[in-house]
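Right, one structure below, let's go through it.
Because the structure is predicted, anything quoted here is derived from the model rather than measured. Along the sequence shown, the residues carry numbers beginning at 1.
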Amino acid sequence: LLGVNAKIIEIKKQLEQDLFGQSLNIYYQLKNQAIEGNPHSKLKLEKMREAFSFALRAGEIINFN
């Protein structure tokens, strides 16, 4: 049972890292589109910035910089 629990925790951490990496990838794609002048991308980018800011303040993500 302990081995299964450890494996579940490892999988959960990997999924969280993958999700965060994918979110950053989407963020930078939107940023490039917004720089090119896409108004829809600018709106989505602002919503993502607000979500990241809220998660940072709530302690859900950590800023290592």
Side-chain angles (χ1 to χ4, degrees):
L1 187 60
L2 291 176
V4 172
N5 211 13
K7 189 67 172 172
I8 290 171
I9 291 171
E10 180 182 328
I11 291 169
K12 183 179 180 248
K13 286 181 182 180
Q14 184 65 41
L15 287 172
E16 289 172 350
Q17 290 174 355
D18 288 350
L19 181 61
F20 184 72
Q22 183 177 0
S23 297
L24 285 180
N25 186 36
I26 291 169
Y27 176 84
Y28 285 109
Q29 288 177 0
L30 285 173
K31 186 175 180 179
N32 287 337
Q33 292 172 4
I35 290 170
E36 293 171 357
N38 184 331
H40 183 67
S41 294
K42 288 180 182 181
L43 181 60
K44 287 178 103 176
L45 183 64
E46 188 57 36
K47 286 182 181 180
M48 283 191 80
R49 284 181 178 156
E50 289 173 8
F52 282 143
S53 177
F54 178 78
L56 188 61
R57 286 186 304 234
E60 296 175 9
I61 58 175
I62 299 171
N63 183 0
F64 290 106
N65 290 333

Partner set under ring pair (Phe, Tyr, Trp, His ring centres under 6.0 Å) for Phe54, not counting sequence neighbours = none
Return the minimal non-hydrogen interatomic distance between Ala34 and Ser41, and the atom names on each side.
-> N-CB, 3.9 Å
Does any non-hydrogen side-chain atom of Gln22 lie less than 4.5 Å from one of Asp18?
-> no
Give, for atom CG of Leu24 and atom CG of Leu19, the distance between the pair rounded to the nearest 0.5 Å.
-> 10.0 Å
Quick one: NZ on Lys47 to CG on Leu30, what's the gap to the nearest 0.5 Å?
-> 11.5 Å
Chi angles and distances behind the side chain to side chain contact (heavy atoms under 4.5 Å, CB included) call for Met48, Lys44 | CA-CA 6 Å; Met48 283 191 80; Lys44 287 178 103 176; 5.7 Å; no
Side chain to side chain contact (heavy atoms under 4.5 Å, CB included) with Glu10: which residues, sequence neighbours excluded?
-> Lys7
Mind jotting down which residue pairs meet the salt bridge (charged side-chain N to carboxylate O under 4.0 Å, His left out) criterion with at least one end in residues 21-43? Sequence neighbours excluded, please.
-> none
Are Leu45 and Tyr28 connected, step by step, through hydrophobic side chains (Ile, Leu, Val, Met, Phe, Trp, Tyr) whose heavy atoms are closer than 4.5 Å?
-> yes
